[in-house]
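Notes follow once the structure below has been shown.
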Amino acid sequence: MIRIDVNNDSESIKPALKDAELIYYPHFFSENKADQYFKYLLNNVPWQQDDIRVYGKTFKQPRLTSFYASNTKVYSYSNISMYPKKFSGKLLEIKKKVEKVSNLEFTSCLLNLYRDGKDSNGWHSDDEPELGKNPVIASVSFGEERFFHLKHKFEKNLRYKILLQHGSLLIMKGKTQHTWLHQIPKTSKEIRPRINLTFRIIN
Ligand SMILES: O=C(O)CCC(=O)C(=O)O
Ligand SMILES: [Fe+2]
């Protein structure tokens with residue numbers, strides 16, 4: 001008998017990476033739910049494009065973002081301070097499902113909208129002081145698939161990449177943010193938009 005599971009939310013892959021702990025759930029949301037969430041978030045989130053300062057020069061951030069939280073804690077990175085909006089509706093629904101599988105309560109969510117292949121997210125770690133030691137980051141993807149690259153901070157030959165699929169969840173924990181960098185590179189392919197949600201705990 002052939003059985004096709006479109007919503008096997010517990011199927012997971014744990015890549016064996018030195019000094020990192022990753023768990024990838026390729027079909028965390030069913031195709032149908034993922035389609036609904038993608039459309040909803042694209043049209044209802046107040047997306048903004050911030051300026052970032054790199055080496056004294058100002059650039060437009062190469063993607064749109066938005067920030068939500070259950071507390072009032074501001075999130076600061078790359079000279080940007082983001083003031084939270086309250087979780088509600090479908091975003092709260094997504095948060096609850098992510099919390100159930102990770103056994104954690106997230107306070108905050110940074111949302112990214114990559115409008116096309118020219119939008120990107122440069123090499124960084126999510127290691128801001130307000131995230132604390134060994135932070136857990138739960139990253140949900142909807143829309144176009146994009147490659148997520150990782151490279152070790154100290155052992156330059158250690159690299160890894162995952163194609164983050166529509167409706168997937170990637171959990172990063174343990175020492176990952178202290179020992180690895182990650183990025184979403186640009187692509188020259190003609191592609192549709194992608195939305196990514198990174199749930200975090202900010203106290
Ligand atoms: O878009 C992604 O998958 C990664 C987003 C990310 O690294 C971040 O927002 O810190
Ligand atoms: Fe990140």
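What you see below is based on every heavy atom in this structure, not just the backbone, and it leaves out hydrogens, waters and symmetry mates. For ligands, and for the atoms within them, numbers begin at 1 and follow the listed sequence. Please read these numbers as outputs of a predicted model, since none were measured by experiment.
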- Message: So that I can tick it off, tell me whether Lys18 and Glu155 are bridged by a salt bridge, with the cut-off set at under 4.0 angstrom between side-chain N and carboxylate O.
- Response: yes
- Check whether the side chains of Lys85 and Ser66 place a donor and an acceptor atom closer than 3.5 Å, and report yes or no. yes
- Query: Given Asn196, Ile137, Leu113, which has its nearest heavy atom closest to atom 5 (C) of ligand 1?
  - Reply: Asn196
- Which is closest to atom 1 (O) of ligand 1 by heavy-atom distance: Phe147, Trp123, Tyr114? Tyr114
Any chance the rings of [X] and [Y] have centres within less than 6.0 Å?
X	Y	answer
Tyr40	Phe38	no
Phe142	Phe29	yes
His182	His124	yes

- Can the positive tip of Lys97 be found less than 6.0 Å from the middle of the six-membered ring of Phe28, inside 45° of the ring normal? yes
- Check whether NZ of the Lys or CZ of the Arg Lys151 lies under 6.0 Å from the centre of the six-membered ring of Trp180 and within 45 degrees of that ring's axis. no
- Message: For atom 6 (C) of ligand 1, what's the nearest protein heavy-atom neighbour? Residue, atom name and distance, please.
- Response: Asn121 ND2, 3.4 Å
Relative to ligand 1, is [X] under 4.0 angstrom through side chain, backbone, both or neither, heavy atoms considered?
X	value
Arg200	side chain
His182	side chain
Leu164	side chain

- Task: Quick one: report the N, O or S atom of Asp126 that is nearest to the Fe ion (ligand 2).
- Result: OD2
- Short list, please: which atoms of ligand 1 are under 4.0 Å from a heavy atom of Asn112? 5 (C), 8 (C), 9 (O)
- Residue-ligand contact Arg63/ligand 1, heavy atom below 4.0 Å: no
- Sub-4.0 Å heavy-atom approach of Arg194 to ligand 1: yes
- About how large, to 10 degrees, is the angle NE2 of His182, then the Fe ion (ligand 2), then NE2 of His124? 90°
- Looking only at distance, does Asp126 have an N or O less than 3.5 Å from an N or O of ligand 1? yes
- Once the angle between the rings of Phe199 and Phe106 is folded into 0 to 90°, is it parallel (under 30°), tilted (30 to 60°) or perpendicular (over 60°)? tilted
